[in-house]
*Asks:* 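What follows is a structure written as structure tokens; I'll ask about it next.
Here the structure is a predicted model, which is why all the values come from computation and not from measurement. Just so you know, these numbers use all the heavy atoms, side chains as well, and skip hydrogens, waters and symmetry mates.
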Amino acid sequence: MEASSSRASRSRNVPKIPFALGLIVADAILVALIIAYVPYTKIDWDAYMSQVSGFLGGEREYGSLKGDTGPLVYPAGFLYVYSAVQNLTGGQVYPAQILFGVLYIANLSIVLFIYLKTPDVVPWWALSLLCLSKRIHSIFVLRLFNDCFAMTLLHASLAFFLYHKWHLGMLLFSGAVSIKMNVLLYAPPLLLLLLKAMNIIGVLSALAGAALVQILVGLPFLLAYPVSYLANAFDLGRVFIHFWSVNFKFVPERVFVSKEFAVCLLIAHLCLLAVFANYKWCKHEGGIIGFMRSRRFFLTLPSSLSFSDLLISGSLAKEHIVTTMFVGNFIGVVCARSLHYQFYSWYFYSLPYLLWRTSFPTWLRLILFLGIELCWNVYPSTPVSSALLMGLHLTVLLGLWFAPSDYPYIFKPNLRHKKHK
């Protein structure tokens with residue numbers, strides 16, 4: 001019975017690899033056509049180049065690195081990446097578009113790799129959804145946003161996590177954060193996965209490696225003007241302009257920019273994370289408290305792991321890793337006060353995965369996907385499109401809540417094993 005089930009599963013997955021390769025080739029052709037025939041949209045490119053020029057000219061006071069859209073508000077990894085882009089392209093838009101086209105295909109390839117490594121979640125034909133977003137193509141090759149580099153590194157780190165390369169993955173994750181801080185939306189679920197996968201020594205060493213990346217990246221600025229760098233690069237209190245927001249456009253502007261609204265969204269974000277962590281991600285461990293007690297990670301050293309610790313250490317199922325990361329980030333997106341158009345790249349590539357993790361029928365999954373895409377292509381956003389987007393997001397979130405929780409580890413505990421002194 002198990003052998004026939006395995007053969008059936010393999011037969012269903014046979015088209016996936018050639019189909020994914022075909023998608024990459026087809027999308028590469030589409031990207032080339034977009035670059036050749038669709039006009040570039042000037043938004044942040046000139047500001048990026050101005051900020052990079054100031055950095056390359058020797059400016060180390062972060063508040064003085066400015067462009068026509070204002071002062072630099074990203075960590076220093078952004079400067080290194082766009083300095084390299086400027087050197088490769090001469091600061092010209094057309095060669096930069098070609099570079100971003102290559103980046104788009106590289107990111108798509110990594111995402112398809114992640115989907116192929118979790119083959120039982122999304123059917124092979126649904127992989128095509130990853131190539132069908134007008135807005136995402138625009139974000140990459142017509143607007144050249146730094147979100148593209150950040151999310152490519154994030155997806156690369158997730159690919160390492162699938163193989164339990166937690167330390168290497170954390171270095172890439174930290175590199176992504178150094179380009180744009182939205183990647184921190186993945187931090188809470190990632191911390192939980194680290195605690196599940198390693199003992200406390202492993203977790204601390206992985207976090208230390210990530211912190212070291214941030215220190216090294218920001219070192220020129222930390223040595224010269226540390227307060228200015230930390231205040232500008234890691235400003236968590238920024239208020240975005242209401243007009244440009246794709247979500248919460250139905251909320252009056254005076255409410256939208258208020259601290260009370262921000263605090264309410266933060267509380268909702270933290271509560272949703274706690275509820276999903278306790279009842280979904282740690283369900284099989286008896287909730288968060290049960291997990292903490294079973295692992296005893298605050299007291300456990302590598303030499304004193306129990307049998308159950310050894311059994312589950314480093315053996316998280318790939319589906320559990322991807323689901324926890326994608327759902328945790330999606331919760332952050334749902335609770336974000338402002339989503340600008342480029343922010344769609346923060347979660348678009350997780351949408352097919354999230355939709356197929358729900359128990360919805362296929363027709364409803366497709367309607368939700370197309371509805372979200374439609375909302376992101378309404379420009380400028382309206383109270384109606386914004387409210388529709390929120391409704392679609394909440395529908396997906398409810399679907400994820402009521403979906404069954406798979407066992408998170410590769411091997412189930414063998415209850416016949418006992419510890420003997």
*Asks:* Which heavy atom in Gly101 sits nearest to a heavy atom in Val31, and how many Å separate them?
*Replies:*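 Answer, listing the atom of Gly101 first, then Val31: CA-CG1, 3.7 Å.
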*Asks:* Within this structure, what is the SG-CD1 distance for the pair Cys148 and Ile136, rounded to the nearest 0.5 Å?
*Replies:*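 Those atoms lie 8.0 Å apart.
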*Asks:* For the OG atom of Ser109 and the CG atom of Leu23, what is their distance to the nearest 0.5 Å?
*Replies:*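 Answer rounded to 0.5 Å: 10.5 Å.
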*Asks:* Kindly indicate whether the side chain of Leu389, heavy atoms from C-beta on, has any atom under 4.5 Å from the side chain of Ile372.
*Replies:*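 Leu389 reaches Ile372 side chain to side chain.
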*Asks:* Yes or no on side chain to side chain contact (heavy atoms under 4.5 Å, CB included) for Gln51 and Phe78, after CA distance, side-chain angles and deciding distance?
*Replies:* CA-CA 10 Å; Gln51 292 158 355; Phe78 162 87; 3.6 Å; yes
*Asks:* Please evaluate residues Trp125 and Trp356 with respect to the criterion ring-ring contact (aromatic ring centres under 6.0 Å, His included), reporting the C-alpha separation (whole Å), side-chain torsions for both, the decisive distance (0.1 Å), and the verdict.
*Replies:* CA-CA 12 Å; Trp125 60 266; Trp356 262 265; 5.7 Å; yes
*Asks:* Tell me, with the steps shown, if Glu373 and Tyr344 meet side chain to side chain donor-acceptor pair (under 3.5 Å).
*Replies:* CA-CA 9 Å; Glu373 174 70 17; Tyr344 190 27; 2.8 Å; yes
*Asks:* Looking at Phe326 versus Tyr347, is the centre-to-centre ring distance below 6.0 Å?
*Replies:*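 Judged by ring-centre distance (under 6.0 Å), Phe326 and Tyr347 do not meet the cut-off.
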*Asks:* Looking at Lys283 and Asp406, is there a salt bridge between them, counting it only when a charged N and a carboxylate O are closer than 4.0 Å?
*Replies:*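 So Asp406 does not pair with Lys283 through a salt bridge.
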*Asks:* Kindly indicate whether the side chain of Ile321, heavy atoms from C-beta on, has any atom under 4.5 Å from the side chain of His164.
*Replies:*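 Yes - at least one pair of side-chain heavy atoms lies under 4.5 Å apart.
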*Asks:* Indicate yes or no: at least one non-hydrogen side-chain atom of Phe248 is less than 4.5 angstrom from one of Phe261.
*Replies:*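 When only atoms from C-beta onward are counted, Phe261 and Phe248 do touch, with a gap below 4.5 Å.
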*Asks:* Please confirm whether Trp281 and Trp401 have ring centers closer than 6.0 angstrom.
*Replies:*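 When the ring centroids of Trp281 and Trp401 are compared, they turn out to be at least 6.0 Å apart.
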*Asks:* For a quick check under 3.5 Å, do Asp27 and His137 share a side-chain donor-acceptor pair by atom type?
*Replies:*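 Yes.
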*Asks:* Does the ring center of Tyr409 lie less than 6.0 Å from the ring center of Tyr407?
*Replies:*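 Yes, the ring of Tyr409 comes within the 6.0 Å limit of the ring of Tyr407, centre to centre.
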*Asks:* Return yes if a side-chain donor-acceptor contact under 3.5 Å exists between Tyr82 and Asn146, otherwise no.
*Replies:*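 Side chains of Tyr82 and Asn146: no pair found under 3.5 Å.
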*Asks:* Whether the side chain of Ser174 engages the backbone of Leu171 through a donor-acceptor N/O pair (distance < 3.5 Å, no angle test) should be reported.
*Replies:*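 Answer holds: no.
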*Asks:* Provide the closest heavy-atom pair for Gly77 versus Val217 in the form atom of the first, atom of the second, distance.
*Replies:*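 Nearest pair, atom of Gly77 first, then Val217: N-CG1, 3.2 Å.
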*Asks:* A side-chain contact here means heavy atoms from C-beta on lying under 4.5 Å apart; do Ser350 and Phe330 qualify?
*Replies:*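 Side-chain contact under 4.5 Å: no.
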*Asks:* Working to the nearest 0.5 angstrom, can you tell me the gap between Gln214 CD and Leu219 CG?
*Replies:*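 If I round to the nearest 0.5 Å, the distance is 12.5 Å.
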*Asks:* Taking all non-hydrogen atoms of both residues into account, name the closest pair between Lys249 and Ser386 and its distance.
*Replies:*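 Shortest heavy-atom separation between Lys249 and Ser386 comes out as N-OG, 2.8 Å.
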*Asks:* Hey, would you say the Phe140 and Phe100 ring centroids sit under 6.0 Å apart?
*Replies:*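 Between Phe100 and Phe140, which both carry aromatic rings, the centre distance is not below 6.0 Å.
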*Asks:* Please find the pair of heavy atoms, one from Cys335 and one from Leu272, that lie closest to each other, and give the distance.
*Replies:*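 Cys335 and Leu272 have their closest heavy atoms at SG-CD1, 3.8 Å.
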*Asks:* Got a donor-acceptor contact below 3.5 angstrom from the Asp44 side chain to the Ala47 backbone?
*Replies:*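 Not a single qualifying donor-acceptor pair exists.
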*Asks:* Determine, step by step, whether Leu368 and Leu355 satisfy the side chain to side chain contact (heavy atoms under 4.5 Å, CB included) criterion, reporting the C-alpha distance in whole Å, the side-chain angles of both residues, the deciding distance to 0.1 Å, and the verdict.
*Replies:* CA-CA 8 Å; Leu368 290 168; Leu355 289 169; 3.8 Å; yes
*Asks:* Looking only at atom types and distance, does a side-chain atom of His320 sit under 3.5 Å from a main-chain N or O of Ser405, one as donor and one as acceptor?
*Replies:*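 Here the side-chain-to-backbone pair does not exist.
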*Asks:* Other residues, nucleotides and ligands only: do more than 12 of their heavy atoms fall within 6.0 Å of CD1 on Ile241?
*Replies:*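 No, the 6.0 Å shell around CD1 holds no more than 12 heavy atoms from other groups.
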*Asks:* If you look at every heavy atom in Ser359 and Ala403, which pair is closest and at what distance?
*Replies:*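 Shortest heavy-atom separation between Ser359 and Ala403 comes out as OG-CA, 4.2 Å.
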*Asks:* Hey, are Glu319 and Thr118 close enough side-chain-wise for a donor-acceptor pair under 3.5 Å?
*Replies:*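 No, no side-chain donor-acceptor contact under 3.5 Å.
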*Asks:* Glu285: which residues meet the salt bridge (charged side-chain N to carboxylate O under 4.0 Å, His left out) condition with it, sequence neighbours left out?
*Replies:*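 Partners of Glu285 by the salt bridge (charged side-chain N to carboxylate O under 4.0 Å, His left out) criterion, ordered by chain and then number, come out as Lys196.
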*Asks:* Would you call Leu351 and Leu129 a side-chain contact if the rule is heavy atoms closer than 4.5 Å?
*Replies:*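 They are not in contact (no side-chain heavy atoms under 4.5 Å apart), so the answer is no.
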*Asks:* If only side-chain N and O atoms count, and only distance matters, is there a donor-acceptor pair under 3.5 Å linking Ser245 with Asn247?
*Replies:*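 The answer is yes; a qualifying pair exists.
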*Asks:* Which atom pair, heavy atoms only, marks the closest approach of Asn278 to Ile288?
*Replies:*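 Between these two residues, the closest heavy atoms are OD1-N, 2.9 Å.
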*Asks:* Decide whether a cation-pi geometry holds between Lys180 and Phe343; the criteria are a distance under 6.0 Å from NZ or CZ to the six-membered ring centre and an angle within 45° of the ring axis.
*Replies:*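 Lys180 over Phe343 ring: no.
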*Asks:* Could you check whether any side-chain heavy atom of Leu144 comes within less than 4.5 Å of a side-chain heavy atom of Tyr40, counting everything from C-beta outward?
*Replies:*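 The answer is yes, as the side chains (C-beta and beyond) meet within the 4.5 Å cut-off.
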*Asks:* Assert yes or no for the condition that the ring centre distance of Phe173 to Tyr186 is strictly below 6.0 Å.
*Replies:*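 Judged by ring-centre distance (under 6.0 Å), Phe173 and Tyr186 do not meet the cut-off.
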*Asks:* Treating His269 as the side-chain partner and Leu265 as the backbone partner, does any N or O pair qualify as donor plus acceptor under 3.5 Å?
*Replies:*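 Not a single qualifying donor-acceptor pair exists.
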*Asks:* Does the side chain of Gln86 pick up a donor-acceptor pair with the side chain of Tyr48 at under 3.5 Å?
*Replies:*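 Per modelled atom types, Gln86 and Tyr48 side chains form no pair under 3.5 Å.
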*Asks:* Flag the pair Phe55 / Ser83 as yes when at least one side-chain heavy-atom distance between them is below 4.5 Å, and no otherwise.
*Replies:*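 Yes; the side chains approach each other to less than 4.5 Å.
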*Asks:* Would you please test Arg365 and Thr362 for side chain to side chain contact (heavy atoms under 4.5 Å, CB included) and show each step?
*Replies:* CA-CA 5 Å; Arg365 292 166 176 155; Thr362 298; 3.8 Å; yes
*Asks:* How long is the gap from OG on Ser157 to CG on Leu162, to the nearest 0.5 Å?
*Replies:*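 Separation between the atoms: 9.5 Å.
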*Asks:* What distance separates Cys271 SG from Leu273 CG, expressed to the nearest 0.5 Å?
*Replies:*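 Reported value, rounded in 0.5 Å steps: 9.5 Å.
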*Asks:* Please check this pair: side chain of Asn329 against backbone of Met325, looking for a donor-acceptor N/O pair closer than 3.5 Å.
*Replies:*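 Looks like no, no N/O pair under 3.5 Å.
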*Asks:* With no hydrogens and no angle check, do the side chains of Lys318 and Tyr163 hold a donor and an acceptor under 3.5 Å apart?
*Replies:*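 Result is no, nothing qualifies.
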*Asks:* Mind checking whether Met170 and Phe160 have side chains closer than 4.5 Å, heavy atoms only?
*Replies:*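 No. Closest side-chain heavy atoms not under 4.5 Å.
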*Asks:* Under 6.0 Å between ring centres: does that hold for Tyr62 and Tyr229?
*Replies:*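 That pair passes the under 6.0 Å test.
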*Asks:* Pairing donors with acceptors under 3.5 angstrom, does anything connect the side chains of Asp147 and Trp346?
*Replies:*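 Yes, Trp346 and Asp147 have a side-chain donor paired with an acceptor closer than 3.5 Å.
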*Asks:* Measuring from atom CE of Met198 to atom CG of Leu193, what distance do you get when rounded to the nearest 0.5 angstrom?
*Replies:*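 With rounding to 0.5 Å, CE (Met198) is 10.0 Å from CG (Leu193).
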*Asks:* Report the C-alpha distance between Ile267 and Val263 in whole Å, list the side-chain angles of each, state the deciding distance to 0.1 Å, and finish with yes or no for side chain to side chain contact (heavy atoms under 4.5 Å, CB included).
*Replies:* CA-CA 6 Å; Ile267 292 173; Val263 170; 3.9 Å; yes
*Asks:* Going by distance alone, is a donor N or O of one side chain under 3.5 Å from an acceptor N or O of the other, for His167 and Ser205?
*Replies:*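 His167 vs Ser205: donor-acceptor pair found between side chains.
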*Asks:* Is it true that Phe149 and Tyr74 have ring centroids separated by less than 6.0 Å?
*Replies:*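 No, ring centres 6.0 Å or more apart.
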